[in-house]
Amino acid sequence: QTLNPYDPARTPCGSSSGSGAAVALGLTPVAIGTETDGSITCPASVNGVVGFKPTVGLVSRTHIVPISHSQDTAGPMATNVRDTAKVLTVIAGADPADPATVEADAHKVDYAAGLDANALRGARIGVMRFLKGYSPETQAVFEQNLKALRDAGAVLVDLPEGPDGRVIGAAEFKVLLYELKHDLNAYLASTDPQQVRTRTLADVIAFNAAEPRETVLFGQDIFERAQAMGDLTDADYLEARATSLRLAGPEGIDRLMRDNGVIALIAPTTSRAWTNDPKDDDDMQGSASQLAAVAGYPHLTVPMGFDRGMPVGISFLGGKWDDARILSLGYAFEQVTQARRPPPGVRR
């Protein structure tokens with residue numbers, strides 16, 4: 001169990017727990033995280049560092065254990081936006097082994113060179129008021145930072161309504177079940193059979209059943225549900241993917257930005273880290289990850305303050321290939337607020 005550097009009794013979130021905690025502790029200046037939905041941005045937020053989930057297709061997924069080719073991506077984590085942008089510049093680009101990256105070279109730029117401390121001046125930004133469930137403390141920190149954004153010249157537009165997250169979530173989960181089976185089977189088939197004895201998802205399930213040291217904690221019902229799914233040609237899968245993508249992308253982020261004349265969307269990333277005790281009622285509160293994850297659009301989290309002594313971040317979301325703009329807006333926010341504080345006993 002990776003521990004949160006600010007409070008070992010609390011979660012570092014996941015799945016890129018080690019990346020977030022290592023950067024927060026200063027064990028490394030930068031790290032790579034991987035995300036399907038929130039697995040870069042959540043650990044970055046609760047560990048008090050910067051995390052960036054790029055547009056899906058900007059960074060290759062070759063050799064990354066997959067969940068979903070529709071949503072999986074790698075992305076950088078660092079203590080500041082500039083280092084995050086530098087890493088993205090290095091890792092972005094087309095990879096013949098990953099068909100999703102066919103357009104990457106046409107969109108890749110020097111992300112660090114494009115950072116502008118004045119990017120907020122005159123920028124119209126939508127505030128995703130329709131996202132609920134954050135702790136009162138995190139919401140209060142967010143409101144304070146809205147003032148900082150206005151003082152920096154941003155024009156904030158409240159967005160009281162958005163797409164139905166429950167409908168998106170149901171379709172997204174079905175897509176992930178189908179794609180987990182297909183993508184993991186393809187990944188395992190590409191490995192050396194002398195080194196990797198588990199060749200399919202069915203083999204993984206059988207191995208776990210025979211070696212239940214971890215399944216006693218987490219079970220493997222998601223694996224089993226994925227194994228029961230059909231092929232990616234099934235109408236059920238195709239409908240779920242079309243629904244989730246449409247509601248999150250064209251009728252979600254794209255519509256919200258177009259109809260309100262804004263260039264980005266913001267919200268708290270999530271609330272303070274919850275405890276590691278599965279039996280208490282201190283659970284995750286609020287999340288801004290779903291829309292960008294399902295649409296495959298960029299999502300940046302930057303430290304914005306503290307919730308009961310635990311770090312929390314602010315999320316900047318944009319449209320497809322808006323990676324440079326989102327990083328620049330987050331950089332300008334960071335320069336104004338300088339909200340990050342390292343964990344106790346850590347100097348940097």
Side-chain angles (χ1 to χ4, degrees), residues 1-54 59 61 64-65 67 71-88 90-91 134-135 138 141 267-276 282-290 292-293 298-317 326-327 330-331 333-334 339-348:
Q1 171 71 55
T2 304
L3 304 179
N4 190 300
Y6 290 84
D7 182 352
R10 294 184 175 273
T11 182
C13 199
S15 58
S16 302
S17 313
S19 297
V23 171
L25 283 166
L27 298 178
T28 178
V30 298
I32 302 296
T34 57
E35 174 165 327
T36 304
D37 188 338
S39 291
I40 292 173
T41 53
C42 182
S45 177
V46 305
N47 286 286
V49 300
V50 175
F52 185 63
K53 184 203 81 73
V59 176
R61 291 86 55 88
I64 295 174
V65 180
I67 294 177
Q71 296 181 207
D72 288 350
T73 185
M77 304 168 79
T79 57
N80 60 78
V81 177
R82 181 168 293 281
D83 286 352
T84 302
K86 288 179 180 179
V87 176
L88 182 64
V90 174
I91 66 175
Y134 299 103
S135 71
T138 290
V141 172
T269 306
T270 188
S271 303
R272 66 184 177 274
W274 55 102
T275 71
N276 292 320
D282 189 346
D283 299 317
M284 184 177 186
Q285 294 178 280
S287 174
S289 69
Q290 184 185 65
H299 177 183
L300 173 72
T301 181
V302 181
M304 70 170 180
F306 291 83
D307 175 342
R308 298 189 191 177
M310 300 299 294
V312 289
I314 183 173
S315 286
F316 292 81
L317 282 62
I326 294 303
L327 283 164
Y331 174 75
F333 168 82
E334 178 188 62
R340 182 178 187 270
R341 299 290 180 271
V346 177
R347 292 183 178 180
R348 63 187 301 277

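Taking each heavy atom of L88 and P54 in turn, the nearest pair found is CD1-CB, 4.2 Å. Residues G48 and P303 come closest through the heavy atom pair O-CG, 3.6 Å. The heavy-atom pair separating G305 from A339 by the smallest distance is N-CB, 3.8 Å. Contact between K53 and T73 at its shortest, heavy atoms only, is CG-CG2, 3.5 Å. Across all their heavy atoms, G313 and S45 have their closest contact at N-OG, 2.9 Å. Residues I40 and A74 come closest through the heavy atom pair CD1-C, 4.0 Å.
To the nearest 0.5 angstrom, F306 atom CZ is 5.0 Å from Y6 atom OH. Expressed to the nearest 0.5 Å, how far CD of Q290 lies from NE2 of H299 amounts to 12.0 Å. Atom CG of L317 and atom CD1 of I326 lie 7.0 Å apart (nearest 0.5 Å). A distance of 7.0 Å separates OG in S135 from CZ in R308, rounded to the nearest 0.5 Å. The CG atom of L3 sits 9.5 Å away from the OG1 atom of T11 when rounded to the nearest 0.5 Å. Atom CG of D7 is separated from atom CZ of R272 by 11.0 Å, given to the nearest 0.5 angstrom.
N4 has its side chain within reach of M310: a pair of non-hydrogen atoms, C-beta onward, lies under 4.5 Å apart. In this structure, the side chains of V302 and M304 stay at 4.5 Å or more apart for every pair of heavy atoms. By the 4.5 Å heavy-atom criterion applied to side chains, T270 and V46 are counted as neighbours. Annotation: side chain of Q285 is not in contact with side chain of W274 (no heavy-atom distance under 4.5 Å). Side-chain contact between I314 and T301 is absent, with no heavy atoms from C-beta onward closer than 4.5 Å. Residues S16 and E35 have side chains not in contact (no heavy-atom distance under 4.5 Å, counting atoms from C-beta outward). A 4.5 Å side-chain heavy-atom check between T79 and V23 finds at least one atom pair inside the cut-off. T34 has its side chain out of reach of I67: every pair of non-hydrogen atoms, C-beta onward, lies at least 4.5 Å apart.
R10 contributes a side-chain N or O that, together with a main-chain N or O of A273, makes up a donor-acceptor pair within less than 3.5 Å. In this structure, the side chain of N276 engages the main chain of P8 through a donor-acceptor pair within 3.5 Å. Looking at R61, its side chain does come within 3.5 Å of a backbone N or O of D72 through a donor-acceptor pair. At least one donor-acceptor pair under 3.5 Å links the side chain of Y134 to the backbone N or O of P268.
Between the side chains of N80 and D83, at least one donor N or O sits under 3.5 Å from an acceptor N or O. Side chain to side chain, S17 and T2 fail the donor-acceptor criterion of an N or O pair below 3.5 Å. Side-chain atoms of D307 and T138 include a donor-acceptor pair closer than 3.5 Å.
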Checklist entry - Given I32 and I91, is the side chain to side chain contact (heavy atoms under 4.5 Å, CB included) satisfied, shown in steps? => result CA-CA 10 Å; I32 302 296; I91 66 175; 4.1 Å; yes
